Amino acid sequence: MAPSSSLYSSGRLLPSRMASTPRLIGRWLRPSCSLAMNGCAAGAGDRGAVSLQETRVLPAASAPLEAVGQLRAAVAALNADPPASSSGIIRIEVPIPQRGDAIEWLHAQRQSSLPRCFFSARAPLPDTPALAAADSSNNGIGFHKEQWEQPVSVAGVGSAVFFRGTDPFSLRDWRAIKRFLSRDCPLIRAYGAIRFDATSDASVEWEDYGAFYFVVPQVEFNELEESSVLATTIAWDDSLSWTWRSAVEELQSTLHKISPSSAKVNRSTLQTAIINLNHVPTKASWDLAVTKALQMIKGRQTELVKVVLARCSRYITDTRIDPLELLACLKVEGQNAYQFCIQPPDAPAFVGNSSNYFTGST
């Protein structure tokens with residue numbers, strides 16, 4: 001899988017639940033769970049942009065607890081006077097003057113049935129949109145539009161809209177995602193990954209990802225340089241059988257599950273032991289592949305377009321590894337790298353630590 005919206009990398013796949021024995025590698029339990037609407041449903045890529053795209057910024061909150069309350073009230077008020085549009089996407093933001101930790105916020109959201117994701121920033125890019133920040137004066141409740149900060153990392157739970165398909169990612173799928181994204185609302189983003197080779201058979205642990213998987217989270221925690229932003233997003237499209245009523249009911253359910261507090265995460269060495277380790281291909285075979293690739297590069301063979309030489313290392317440990325603990329440790333060790341975690345509901349987590357940072361624009 002190649003994670004995106006802004007990177008390409010290899011990563012590690014971790015089960016979301018503890019197996020009955022350390023050696024059990026089989027199908028993960030998949031309880032029934034609503035994933036909101038699939039924006040890549042048949043014919044979606046042939047439609048134009050959704051009718052309404054909007055970002056609303058509320059007054060700054062003094063603490064995350066107040067921010068959650070403001071979002072709940074804002075969604076309730078919005079539902080009392082719903083938009084007339086048959087399709088749309090709305091993001092509502094609440095600045096918080098204190099800087100919070102996105103991984104610790106995500107760790108506090110323990111609803112295993114909700115999809116979750118995390119993407120960190122390595123360094124600000126020239127075209128990276130900044131977020132409105134809370135003013136620390138006036139007891140932390142002031143707000144000035146002139147104040148902007150670059151995001152440090154973003155964590156999200158829930159699914160306002162997701163995009164998943166079993167066929168290789170195509171231009172039509174890209175158009176289906178683009179329907180919900182706009183330059184006028186640059187912080188409404190779809191986070192996810194695309195398989196390197198969607199035509200090959202996928203192993204069981206990748207079944208929930210399909211050929212590609214992207215999600216616009218229902219609730220996001222944005223960690224900024226000196227403050228934070230808590231945001232929620234609601235998306236609906238009558239033509240995809242996901243009405244405003246369905247969307248707002250699902251969002252309100254998620255918001256009532258959100259914990260305003262953070263939970264400390266172990267950032268030191270993981271407390272686990274490796275009981276089995278297997279490399280595919282073996283080091284000898286991989287060395288031969290590297291040598292052959294170098295010969296092809298030096299020979300300037302015209303059919304060579306891109307070379308990716310990767311190895312799969314399968315670790316079996318004596319205890320369950322918490323994906324967020326692994327993520328936190330990688331973040332400490334990889335100061336100049338880009339960390340990510342993608343996890344569909346009740347599926348294995350895809351965790352990575354990449355030094356590569358590929359970007360694109362729409």
Side-chain angles (χ1 to χ4, degrees), residues 3 7 9-19 22 28 63-65 67-68 96-123 131 149-159 191-193 215 217-232 254-255 257-274 315 317-355:
L7 70 104
S9 160
S10 60
R12 305 179 187 180
L13 198 70
L14 298 175
S16 60
R17 298 178 180 274
M18 178 63 178
W28 281 263
L65 178 61
V68 173
I96 305 170
Q98 300 87 11
R99 175 173 173 174
D101 187 284
I103 293 180
E104 292 183 355
W105 178 86
L106 190 58
H107 196 233
Q109 317 308 320
R110 300 183 180 276
Q111 292 74 37
S112 61
S113 62
L114 292 175
R116 58 183 179 176
C117 63
F118 173 90
F119 279 73
S120 71
R122 182 175 57 182
L131 285 85
E149 294 183 29
Q150 293 290 348
V152 174
S153 56
V154 58
V157 297
S159 169
Y191 302 92
V215 61
Q218 283 179 311
V219 183
E220 284 184 26
F221 185 90
N222 295 271
E223 179 183 348
L224 308 183
E225 295 164 329
E226 297 180 359
S227 60
S228 310
V229 170
L230 189 66
T232 189
T254 298
L255 283 173
K257 297 174 184 176
I258 293 298
S259 169
S261 60
S262 298
K264 292 295 182 181
V265 183
N266 172 33
R267 298 175 185 269
S268 58
T269 305
L270 294 174
Q271 303 300 315
T272 188
I274 299 172
Y315 295 81
T317 60
D318 61 346
T319 59
R320 171 186 177 274
I321 297 178
D322 185 332
L324 296 185
E325 287 194 8
L326 173 60
L327 187 67
C329 291
L330 291 175
K331 201 170 189 320
V332 171
E333 296 174 4
Q335 295 291 332
N336 297 317
Y338 186 97
Q339 296 80 32
F340 64 88
C341 175
I342 309 167
Q343 186 170 24
D346 296 295
F350 180 30
V351 179
N353 189 47
S354 174
S355 58

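Predicted, not measured: the structure shown is a model, and the values here were computed from it.
Closest approach of Asn222 to Ala231, counting heavy atoms only: ND2-CB, 4.4 Å. Here the closest non-hydrogen pair linking Leu230 and Ala67 is CD2-CB, 3.9 Å. Across all their heavy atoms, Phe118 and Ala102 have their closest contact at CE1-CB, 3.8 Å.
A donor and an acceptor atom, one from each side chain of Glu104 and Ser262, are nowhere located under 3.5 Å apart. No side-chain donor from either of Ser113 and Asp346 sits under 3.5 Å from a side-chain acceptor of the other.
When side chains are defined from C-beta on, Val152 does not count as touching Ser120, because their heavy atoms never get closer than 4.5 Å. The closest side-chain heavy-atom distance from Leu324 to Arg116 is below 4.5 Å. Under the 4.5 Å side-chain criterion, counting only non-hydrogen atoms from C-beta, Leu255 is not in contact with Val68.
In this structure, Trp105 and Phe221 have parallel ring planes: the angle between them is below the 30° cut-off, well short of the 60° mark.
A ring-ring contact (aromatic ring centres under 6.0 Å, His included) with Phe350 holds for exactly one of Phe340, Tyr191, Phe119; it is Phe340.
Not a single donor-acceptor pair under 3.5 Å links the side chain of Ser259 to the backbone N or O of Gln109. A donor-acceptor distance shorter than 3.5 angstrom exists from the side chain of Gln343 to the backbone of Ala347, with no hydrogens or angles considered.
Checked for salt-bridge contact, Lys331 and Asp101 miss the test: no charged N lies under 4.0 Å from a carboxylate O.
Under the side chain to side chain donor-acceptor pair (under 3.5 Å) criterion, Ser153 pairs with Glu223, sequence neighbours left out.
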